[in-house]
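One structure below.
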Amino acid sequence: MEVRKRTAIVTGSTSGIGLGIVRILARAGYNVVLNGFGDATEIEEIQRELTLAYQVGSLYSRADMSKPAEIRQMVADTVKRFGSVDVLINNAGIQHVSPTESFPDEKWDAIIAINMSAVFHASKAAIPHMKAQKWGRIINIASVHGLVGSKDKVAYVAAKHGVVGMTKVMGIELANDNVTVNAICPGWVLTPLVKQQIEARAKTNGTSVDAETVALLGEKQPMHKFTTPEKLGELCLFLCSDVADTTTGTTLSVDGAWSAI
């Protein structure tokens with residue numbers, strides 16, 4: 001009898017951290033559901049690449065993470081296509097930087113909706129399926145800003161602290177359903193966008209990429225080293241394993257000792 005592959009939804013996964021996580025899970029044999037915006041041709045190419053390289057199924061959802069009905073439909077479409085949702089990785093997020101007194105109302109609403117409320121809506125939709133099959137993993141990609149504050153990031157910090165709080169509540173509620181809920185709190189992650197920013201700084205300042213890397217990281221993070229989307233994917237894979245079946249309701253910091261200060 002063929003063993004059914006497990007299926008993972010990763011929100012905000014057409015680029016950056018989410019795409020790195022998708023690649024690691026697909027390599028491990030998970031069917032994957034990509035979500036996010038981007039060029040349709042590029043997304044189709046990612047899907048073809050995953051299928052050819054790892055012989056897994058893939059589905060693309062354009063669900064807007066600020067719209068609960070679309071989030072619910074994404075989960076329903078996943079179950080219809082693959083028969084289950086086994087892993088939910090809440091990764092989608094946006095950012096805006098401004099002092100609190102001038103922070104635009106619409107930016108506050110959007111960040112809270114996408115970075116925090118979407119975690120609630122996606123989890124609420126997925127949990128009944130996980131409980132019914134007596135197995136599930138919810139992994140919330142929070143941030144070091146779920147543990148510490150930074151100026152000019154009132155909405156982002158509030159949202160990520162909320163995600164950490166939800167992780168604790170859901171971990172308690174699902175403790176005896178064989179469904180674990182955890183949050184990963186990265187510091188600096190070397191995404192293509194961050195790499196471009198460092199290269200631009202080096203060009204502007206007439207310095208090296210290495211020097212600008214240390215300068216950027218040293219502003220907040222004691223360790224002068226980035227984590228990567230792929231390393232975060234490997235941590236997600238660990239949390240999905242049976243070894244981590246009692247790891248729940250907690251946060252895992254991947255922040256180079258930033259939150260230890």
Side-chain angles (χ1 to χ4, degrees), residues 7-26 30-51 53 56-82 85 87-98 103-126 138-143 145 153 155-156 159-160 162-163 184 186 188-197 200 228-230 232-233 236:
T7 298
I9 297 173
V10 185
T11 67
S13 55
T14 52
S15 63
I17 292 172
L19 182 55
I21 293 171
V22 160
R23 293 189 190 283
I24 295 299
L25 292 177
Y30 284 79
N31 297 318
V32 288
V33 179
L34 292 95
N35 159 259
F37 302 118
D39 181 80
T41 301
E42 292 180 3
I43 294 168
E44 288 175 4
E45 181 56 33
I46 291 169
Q47 290 184 273
R48 282 194 295 270
E49 174 191 326
L50 295 172
T51 299
V56 297
S58 69
L59 179 68
Y60 169 57
S61 169
R62 287 185 56 83
D64 184 334
M65 291 296 105
S66 69
K67 298 179 179 178
E70 294 189 17
I71 295 171
R72 290 192 294 271
Q73 189 61 53
M74 175 182 66
V75 173
D77 290 344
T78 300
V79 174
K80 181 178 180 180
R81 170 72 179 277
F82 297 114
V85 52
V87 176
L88 170 64
I89 299 182
N90 290 302
N91 169 73
I94 59 173
Q95 176 65 289
H96 181 79
V97 178
S98 176
F103 206 95
D105 292 351
E106 65 275 13
K107 293 296 184 182
W108 168 272
D109 291 342
I111 289 171
I112 294 300
I114 293 171
N115 294 28
M116 185 176 74
S117 296
V119 174
F120 163 75
H121 292 297
S123 300
K124 181 181 178 181
I138 297 174
I139 302 169
N140 299 320
I141 307 301
S143 165
H145 286 110
K153 297 181 180 180
Y156 190 83
K160 294 302 185 179
V163 169
I184 297 174
W188 280 105
V189 184
L190 189 59
T191 62
L193 180 60
V194 170
K195 187 176 181 181
Q196 290 171 12
Q197 291 172 347
T228 66
E230 292 74 23
L232 296 176
C236 288

Value for CG (Asn90) from CG (Asn115), rounded to nearest 0.5 Å, stands at 11.0 Å
Any side-chain heavy-atom pair of Ser123 and Leu88 under 4.5 Å
yes
Approximate separation, where rounding is to 0.5 Å, of Asn91 CG and Met65 CE:
10.5 Å
What closest approach, in Å, do Thr14 and Leu19 show between heavy atoms, and which atom pair accounts for it?
O-CD2, 3.9 Å
Nearest heavy atoms of Ser98 and Phe103, plus distance in Å:
O-CD1, 3.3 Å
How many angstroms lie between atom OG of Ser58 and atom CZ of Arg48, to the nearest 0.5 angstrom?
10.0 Å
Heavy-atom closest pair, residues Pro229 and Gly20
CB-CA, 3.8 Å
For Ile21 and Ile141, run side chain to side chain contact (heavy atoms under 4.5 Å, CB included): C-alpha distance rounded to whole Å, both residues' side-chain angles, the deciding distance at 0.1 Å, then the answer.
CA-CA 11 Å; Ile21 293 171; Ile141 307 301; 4.0 Å; yes
Which pairs count as salt bridge (Lys or Arg N to Asp or Glu O under 4.0 Å) when at least one residue sits in residues 10-24, sequence neighbours excluded?
Arg23-Glu49
Atom pair CD1 (Ile9) and CZ (Phe82), whose distance is rounded to the nearest 0.5 Å
9.5 Å
Nearest heavy-atom contact between Met116 and Val163 is CA-CG2, 4.1 Å
To the nearest 0.5 Å, what is the distance between OG1 (Thr191) and CG (Leu232)?
11.0 Å
Let's go through Val189 and Val194 carefully: what are the C-alpha distance in whole Å and the side-chain angles of both, what is the deciding distance for side chain to side chain contact (heavy atoms under 4.5 Å, CB included) to 0.1 Å, and is it a yes or a no?
CA-CA 8 Å; Val189 184; Val194 170; over 6 Å; no
Quick one: closest heavy-atom pair of Val56 and Thr51, and the distance?
O-OG1, 3.4 Å
Verify, without hydrogens or angle tests, whether Ser13 (side chain) and Asn35 (backbone) share a donor-acceptor contact under 3.5 angstrom.
yes
Could you check whether any side-chain heavy atom of Ile24 comes within less than 4.5 Å of a side-chain heavy atom of Cys236, counting everything from C-beta outward?
no
Rounding to 0.5 Å, atoms CG (Leu25) and CD1 (Ile139) come to a distance of 7.5 Å
Between the main-chain N or O of Thr41 and the side-chain N or O of Asp39, is there a donor-acceptor pair closer than 3.5 Å?
yes
Min side-chain heavy-atom separation Pro104-His96 under 4.5 Å:
yes
Among Ile46, Leu59, Thr11, find the one that has a side-chain contact (heavy atoms from CB on, under 4.5 Å) with Leu34.
Ile46
Identify each donor-acceptor pair in which a side-chain atom of residues 68-76 lies under 3.5 Å from a protein atom, sequence neighbours left out, and give them as a table.
from, atom 1, to, atom 2, distance (Å)
Glu70, OE1, Asp64, N, 2.8
Gln73, NE2, Asp77, OD1, 2.7

Set of residues satisfying side chain to side chain contact (heavy atoms under 4.5 Å, CB included) with respect to Thr228, sequence neighbours excluded:
Glu230, Lys231
Would you check, one step at a time, whether the test side chain to side chain contact (heavy atoms under 4.5 Å, CB included) holds for Ile111 with Ile94?
CA-CA 6 Å; Ile111 289 171; Ile94 59 173; 3.8 Å; yes
For Phe37 and Tyr60, work out which heavy atoms get closest and say how close.
CA-OH, 4.2 Å
